[in-house]
Amino acid sequence: MSIQLQHISKQFGAFKALDDINLDIPEGELVALLGPSGCGKTTLLRIIAGLEQTDHGEVYLQGDNVTAQPVKERQIGFVFQHYALFRHMTVFDNIAFGLRVKPRKLRPSEAQIKDKVHSLLQLVQLDWLHDRFPDQLSGGQRQRIALARALAVEPSVLLLDEPFGALDASVRKDLRLWLRHLHQELNVTSIFVTHDQEEAMEVASQIVVLNHGKIEQKGTPSEIYDQPQSDFVSRFIGQTNIFHLQKEDSAWLESAGIIVDEPKGIIAHVRPHNISVEKAANPAKSPVYLNDWQHLGGTIRLELNRDGYNGSATTIYAEMPNEQFRDLALNKGDRVALRIKHAHWFN
C-alpha cells in the first residue's frame, strides 16, 4: 500500500513538531525516519497510524484520504519500542489477540487462528516458544513476537517505533538483518523510526532525514551518505571533517599539502575515507601529525592534529585499510601530508 503525506503540520503548544511535511512512499518500500530526538519522526509515524491527528494536511493510503479515519479502519500494524505484549497471555495468545477481537463476521475460526499463529511463529523462528509468557523471553524474542502479533491481522502498512531501541547492541545487529530479510519476503510497506544512523543505513531501502519538524533529505542510503544536500545531513550521517575556507585556513590547507581545486562554497565537508595520508616528505614543514589511531575491523581511523591553530577542525579524521596503515609504518607524533580526494560544499 502506498502512502502520501500532503502538507502535514502538527504543533504541541508553542512547539512545532511537524512543519509542512510532504512525502510519498511507494508500495513495498522499507523506509527509515531518521533524525535526532525531538525532530518529529515519532509524531509523523503516529499520524500515519491514526494515533495522532494533524493540525493541517492530509494522509492518503493507496490514494484514499484517511485523515479522519480511525486507527482501527486503517489496516495498519504498529510495533512499539517496549513490545507492549500482554504479560498475562502466552506467546500464542498474544499473537492471536488481534484475530480474536475482530468483528464476528470477519473473525476466523479457532482452527484458522491456530494455523495462522503457528505460521507466523515459524516465520519469526520462534514456534517452540508458543506456550511461554513474555517474562520468560529475551528482549529480542519479545520484539519478534510483537512483530508477529502486528502481522497477524495482515496489515497493508507496518509501522515500527524504534523497534530495537531497548535491546543490546549485538541483538540489535542480528535483528536488523532479520527484519530486512523478513521485509523482502513479505513486501509489506514498512516505516520504522530510529535515531541510529547505522541502523537506518543497514536496514532501509529509503531514508527520510528529519530535523526540527522538516524533511532535510530523502534518498537511498548511498545517496544520503555520498550526496548530502545540506550541512545538517552531512554532519548527522556518518563522520565528516569540516574546513572553513577563510584566508588563514586556506594557507593552512596549502601548508598541510591539502589542495582544493575550484571551491564551490565557503565550507568543505570531507569524509574520513576521502583524505589520503602519507608520511611528510619534509617533516619540519608539515603542521599535521599523527596523534592516535583506532582499529575498526578492517579499517584504521587516524586521529590527526595540527600545530598552532585555535579555530574549528583542530582534529582531522582519516581512514584507510589495515594493510595500507601497516605499509606506512606510522608512529604517534609522525608528521604527515594529506590530500583531499572529494569534498561536499556548503555556504
Side-chain angles (χ1 to χ4, degrees), residues 1-12 17-18 20-34 40-86 94-108 112-113 116-117 120 123-124 143 145-163 179 182-183 185-194 203-206 208 210 213 215 218:
M1 181 177 286
S2 63
I3 302 171
Q4 296 85 37
L5 306 176
Q6 297 184 2
H7 304 291
I8 299 293
S9 294
K10 181 67 179 180
Q11 196 153 327
F12 297 100
L18 297 171
D20 196 32
I21 295 288
N22 292 282
L23 181 63
D24 289 341
I25 299 175
E27 185 171 358
E29 288 281 4
L30 175 55
V31 176
L33 300 182
L34 175 66
K41 52 190 185 294
T42 294
T43 300
L44 187 59
L45 198 75
R46 291 175 63 84
I47 285 174
I48 295 170
L51 298 171
E52 200 78 60
Q53 294 301 309
T54 65
D55 294 337
H56 181 75
E58 290 82 38
V59 178
Y60 292 85
L61 299 180
Q62 203 65 19
D64 296 328
N65 190 332
V66 299
T67 311
Q69 199 174 80
V71 60
K72 65 180 180 180
E73 296 178 13
R74 294 196 186 190
Q75 230 183 332
I76 285 177
F78 205 109
V79 179
F80 298 90
Q81 178 179 349
H82 293 288
Y83 327 123
L85 296 175
F86 300 115
N94 263 283
I95 298 173
F97 180 80
L99 298 170
R100 287 171 171 163
V101 298
K102 281 190 171 187
R104 186 176 296 276
K105 290 181 180 179
L106 303 176
R107 190 183 309 158
Q112 290 172 320
I113 289 175
K116 180 74 172 179
V117 171
L120 285 166
L123 183 67
V124 299
Q143 195 57 285
I145 295 304
L147 186 55
R149 184 177 64 180
L151 293 171
V153 295
E154 299 182 358
S156 298
V157 175
L158 182 63
L159 306 179
L160 305 99
D161 188 8
E162 301 209 39
L179 177 61
L182 182 68
H183 176 265
E185 183 175 342
L186 298 175
N187 202 37
V188 175
T189 307
S190 305
I191 306 174
F192 72 98
V193 160
T194 183
V203 176
S205 56
Q206 293 282 320
V208 179
L210 290 104
I215 293 177
K218 178 193 173 186

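Here the closest heavy-atom approach between residue Ser190 and residue His183 is recorded as OG-CD2, 3.4 Å. Across Ile113 and Arg100, no two heavy atoms sit closer than the pair CD1-CG, 3.7 Å. Shown here for Ser205 and Glu29, the closest heavy-atom pair between the two residues is OG-OE1, 2.6 Å. Scanning both residues, Val79 and Ala150, for their nearest heavy atoms gives CG2-CB, 3.7 Å. The two residues Gly50 and Gln53 come nearest to each other via the heavy atoms O-NE2, 3.8 Å. Pairing each heavy atom of Pro108 with each of Lys102, the nearest pair is CD-CD, 4.5 Å.
Going from atom NE2 of His56 over to atom CG of Leu18 covers 12.5 Å, rounded to the nearest 0.5 Å. Distance check, rounded to the nearest 0.5 Å: CG of Leu33 to CZ of Phe192 gives 8.5 Å. Distance check, rounded to the nearest 0.5 Å: CD of Glu52 to CZ of Phe12 gives 4.0 Å. In this structure, CD1 on Ile21 lies 5.0 Å from CG on Leu210, to the nearest 0.5 angstrom. One finds the CG atom of Leu61 at 11.5 Å from the CD atom of Glu27 (value rounded to the nearest 0.5 Å). Annotation: the span from Lys10 atom NZ to Leu44 atom CG amounts to 12.5 Å, rounded to 0.5 Å.
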- Task: Evaluate the criterion side chain to side chain donor-acceptor pair (under 3.5 Å) for residue pair Glu58 and Thr67; output intermediate values, then yes/no.
- Result: CA-CA 5 Å; Glu58 290 82 38; Thr67 311; 5.6 Å; no

- Item | Leu186/Leu123 under side chain to side chain contact (heavy atoms under 4.5 Å, CB included): CA gap, chis, key distance, verdict | CA-CA 10 Å; Leu186 298 175; Leu123 183 67; 4.0 Å; yes

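Looking at heavy atoms from C-beta onward, Gln75 lies out of side-chain contact with Pro155 at the 4.5 angstrom threshold. Ile25 has its side chain out of reach of Val157: every pair of non-hydrogen atoms, C-beta onward, lies at least 4.5 Å apart. At least one side-chain heavy atom of Leu5 sits less than 4.5 Å from a side-chain heavy atom of Val59. By the 4.5 Å heavy-atom criterion applied to side chains, Val71 and Ile76 are not counted as neighbours. Leu99 has its side chain out of reach of Arg107: every pair of non-hydrogen atoms, C-beta onward, lies at least 4.5 Å apart. At a threshold of 4.5 Å between non-hydrogen side-chain atoms, the residues Val31 and Ile3 do not count as touching.
Under the 3.5 Å distance criterion, with hydrogens and angles disregarded, no donor-acceptor pair is assigned to the side chains of Gln11 and Ser9.
A donor-acceptor contact shorter than 3.5 Å is absent between the side chain of Asn22 and the backbone of Gln6. Counting only distance, with no hydrogens or angles, the side chain of Arg74 and the backbone of Ile48 share a donor-acceptor pair below 3.5 Å. A donor-acceptor pair is defined here as one N or O able to donate and one able to accept, closer than 3.5 Å; such a pair exists between the side chain of Lys218 and the backbone of Asp24. The backbone N or O of Thr194 lies less than 3.5 Å from no partner atom in the side chain of Glu162, so there is not a single donor-acceptor pair. Between the side chain of Thr189 and the main chain of Met1, a donor-acceptor pair closer than 3.5 Å is present.
Between Leu160 and the choices Leu45, Ile191, Leu147, Leu30, the side chain to side chain contact (heavy atoms under 4.5 Å, CB included) rule is met once, by Leu147.
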